[in-house]
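Some notes on the structure that comes next.
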Amino acid sequence: MQLETPTFVSHLECSMTGKVYEADRVHGLSEAGRPLLVRYDLEELGRSITKTALRERRGHGFWRYREFLPVRRAANVVSLGEVITPLIALDRLGQQRGRLLVKDEGRLPTGSFKARGLALAVAMAKELGLKHLAMPTNGNAGAAMAAYASHAGLRSTVFAPADTPEINLREIAAQGADVYRVNGLINDCGKIVGEGKDKTGWFDLSTLKEPYRIEGKKTMGLELAEQLGWKLPDVIFYPTGGGTGLIGMWKAFQELAEIGWIGGKRPRMVAVQATGCAPIVKAWEDGVEHAPLWENAHTVAAGIRVPVAVGDFLILRAVRESGGFAMALDDDVIMEARDRCAREEGLLLCPEGAATLAAYERSLREGLVKPTDKAILFNCATGLKYPLPEATASLDRTKPIDYSQF
């Protein structure tokens, strides 16, 4: 980012009441206790940039969409070498060639899509003069905050459930954050962060409790639209915990439509969860707008083990407005899909990403999607961060080798 670029933020808005809040100020939740959404002067934004000019930009990953983002000064951009994440066809597992694509977010810094939201949140924290950031995490978000905060010269503190994968905890600590194990779930960790705000002075960077992680996750929708020639897919399967990415993509599609870059077609948005923690699925099935706390949450897919989501109504609205649905999968089905994708396609999904593959395959069987639909699965992190099956076969080079076994 060598040149300053105009930013078109006009105000912030309560996602529930519509109340307007002033931009360029530190904000958490709205007075109604709901997420704030960043709003732009889209008419001016649309006049400032063309698809051709965007296509000619090189490098910078999702920061190339800077007109669509809230950071006003280039000096406050915090980058660790972001890339445009690839779309990978699963032609062996898909019903028709080229119709099933994985957007592999594991290629981003810190190995997950959390880099998008946390890069924007940390950049805005830097711009607004914050010094100490804190958040709860199931692993990947904490790693991203630690890395970007350290790169920006900010202090970070992270609280994680005690059974968070060890690699995640060590990654967070190695990248400069103070990390604490908590004998509870992510919502219990979130309570510690919230209660500590006044006592410590840290800023709560929890999912949807500040306005800018959505803007970072929004870039998934901008990027996907551009990769597909500004024609959106038929259906998107998204692993849903706090749901920031699903909400952000839906926001991106609305903004692109308003400036005339895409037409009226929208993908059906599918919220994918695990049967051991499926509050959004239950709320969708019950036809309600808010999802009560899911008791005794458990799943091997740690990233979607979120018992309660502050943006539940925004997730459910996007799913319903798009004509989509919500689906929960058993852990054994998720892990079987992960292992089969690695074995047959050579693509190692994280468990959360594997849940979307399992959901797609079940949706085909149940007639919820067609083989001809262009479907996008989001693999939210590199599978290398998670436990893998053991490889136990060995040979003794000092003894005769029985080559008939190969």
Side-chain angles (χ1 to χ4, degrees), residues 81 83-113 115 138-140 143 163-175 227 237 239 272 274-276 298-305 329-366 369 371-406:
V83 298
I84 301 298
T85 60
L87 290 171
I88 301 170
L90 300 186
D91 288 335
R92 292 181 181 275
L93 297 179
Q95 295 290 304
Q96 292 199 11
R97 189 173 183 85
R99 306 306 293 178
L100 178 61
L101 302 171
V102 173
K103 189 152 175 63
D104 189 7
E105 297 286 284
R107 314 300 178 93
L108 288 164
T110 72
S112 86
F113 64 179
N138 277 320
N140 286 321
D163 61 353
T164 299
E166 186 68 24
I167 187 64
N168 293 135
L169 295 171
R170 294 187 182 193
E171 179 186 12
I172 294 166
Q175 292 176 140
Q227 287 175 303
F237 287 82
V272 179
T275 51
H298 63 278
T299 173
V300 68
I304 54 176
R305 189 180 63 176
L329 291 305
D330 291 341
D331 278 0
D332 60 343
V333 175
I334 291 171
M335 298 310 287
E336 189 278 331
R338 182 199 69 168
D339 294 346
R340 181 160 40 86
C341 185
R343 186 172 60 250
E344 297 185 21
E345 292 280 4
L347 180 63
L348 182 58
L349 304 173
C350 64
E352 298 83 2
T356 68
L357 175 58
Y360 170 78
E361 292 175 332
R362 178 175 148 192
S363 298
L364 274 177
R365 293 193 300 271
E366 296 180 0
V369 299
T372 53
D373 286 337
K374 184 176 283 294
I376 305 295
L377 313 179
F378 271 84
N379 183 47
C380 52
T382 172
L384 294 171
K385 288 193 178 190
Y386 300 81
L388 295 169
E390 291 185 3
T392 58
S394 63
L395 291 172
D396 185 346
R397 65 178 179 81
T398 66
K399 296 179 180 179
I401 294 175
D402 177 10
Y403 284 92
S404 67
Q405 67 183 296
F406 302 117

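The shown structure was predicted, so the numbers you read here are calculated from the model rather than taken from an experiment.
Contacts of Ala358 classified as side-chain contact (heavy atoms from CB on, under 4.5 Å), with partners at least two apart in sequence or in another chain: Leu329, Val333, Ala337. Among residues two or more places apart in sequence or in another chain, the side chain to side chain donor-acceptor pair (under 3.5 Å) test is passed with Glu344 by none. Residues satisfying the side chain to side chain donor-acceptor pair (under 3.5 Å) test with Lys385, not counting sequence neighbours, are Asn140, Glu171. Taking the salt bridge (charged side-chain N to carboxylate O under 4.0 Å, His left out) definition, one finds that Arg338 meets it with nothing, sequence neighbours left out. Leu169 meets the side-chain contact (heavy atoms from CB on, under 4.5 Å) test with Ala160, Thr164, Glu166, Val179, Arg181; sequence neighbours excluded. Applying the side chain to side chain donor-acceptor pair (under 3.5 Å) criterion to Asn138, with sequence neighbours excluded, gives no partner residue. Annotation: ring pair (Phe, Tyr, Trp, His ring centres under 6.0 Å) contacts of Phe237 (sequence neighbours excluded): Tyr360. Partners of Glu390 under the side-chain contact (heavy atoms from CB on, under 4.5 Å) rule, at least two apart in sequence or in another chain, are Thr392. The salt bridge (charged side-chain N to carboxylate O under 4.0 Å, His left out) search around Glu336 returns Arg340, not counting sequence neighbours. Residues that satisfy the salt bridge (charged side-chain N to carboxylate O under 4.0 Å, His left out) test with Arg362, not counting sequence neighbours, are Glu366. For Pro400, there are no side-chain contact (heavy atoms from CB on, under 4.5 Å) partners at least two apart in sequence or on another chain. Residues satisfying the salt bridge (charged side-chain N to carboxylate O under 4.0 Å, His left out) criterion with Asp91, sequence neighbours excluded, are Arg97.
Here the closest non-hydrogen pair linking Ala89 and Glu345 is O-OE1, 4.1 Å. Considering all non-hydrogen atoms of both residues, Asp396 and Ile401 come closest at O-CG1, 4.5 Å. Looking at every heavy atom in both residues, Pro239 comes nearest to Thr356 through CD-CG2, 3.5 Å. The heavy-atom pair separating Gly303 from Glu352 by the smallest distance is N-OE2, 2.6 Å. Shortest non-hydrogen contact noted between Gln227 and Ile84 is NE2-CG2, 3.7 Å. The two residues Ile334 and Ala274 have their closest heavy-atom pair at CD1-CB, 4.2 Å.
Using a distance-only test at 3.5 Å, with no hydrogens or angles considered, no donor-acceptor pair links the side chain of Arg305 to the main chain of Thr299. Side-chain atoms of Gln175 come within 3.5 Å of backbone atoms of Ala143 as a donor-acceptor pair (strictly under, hydrogens ignored).
Inter-residue side-chain proximity for Ser112 and Glu105 is flagged as unmet; no heavy-atom pair is nearer than 4.5 Å. When side chains are defined from C-beta on, Leu90 does not count as touching Arg99, because their heavy atoms never get closer than 4.5 Å. Two residues are said to be in side-chain contact when any heavy atoms from C-beta on lie closer than 4.5 Å; Leu349 and Val102 meet this criterion. Side-chain contact check for Pro389 versus Asp339: some heavy-atom pair is nearer than 4.5 Å.
Partner Thr85 forms a side-chain contact (heavy atoms from CB on, under 4.5 Å) with one of Asp104, Leu108, Asn379 and no other, that one being Leu108.
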Please walk me through it: do Leu357 and Leu93 pass side chain to side chain contact (heavy atoms under 4.5 Å, CB included)?
CA-CA 9 Å; Leu357 175 58; Leu93 297 179; 3.8 Å; yes

Apply the test side chain to side chain contact (heavy atoms under 4.5 Å, CB included) to residues Leu348 and Leu384: give CA-CA distance (whole Å), side-chain angles for both, the deciding distance (0.1 Å), then the verdict.
CA-CA 8 Å; Leu348 182 58; Leu384 294 171; 3.9 Å; yes

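Annotation for Tyr403: atom OH does not count as buried by contact number, only 12 or fewer foreign heavy atoms lying within 6.0 Å.
To the nearest 0.5 Å, atoms CG (Leu87) and CG (Leu101) are separated by 5.5 Å.
Using a 3.5 Å distance cut-off with no hydrogens or angles, the side chains of Thr275 and Asp330 do pair a donor with an acceptor.
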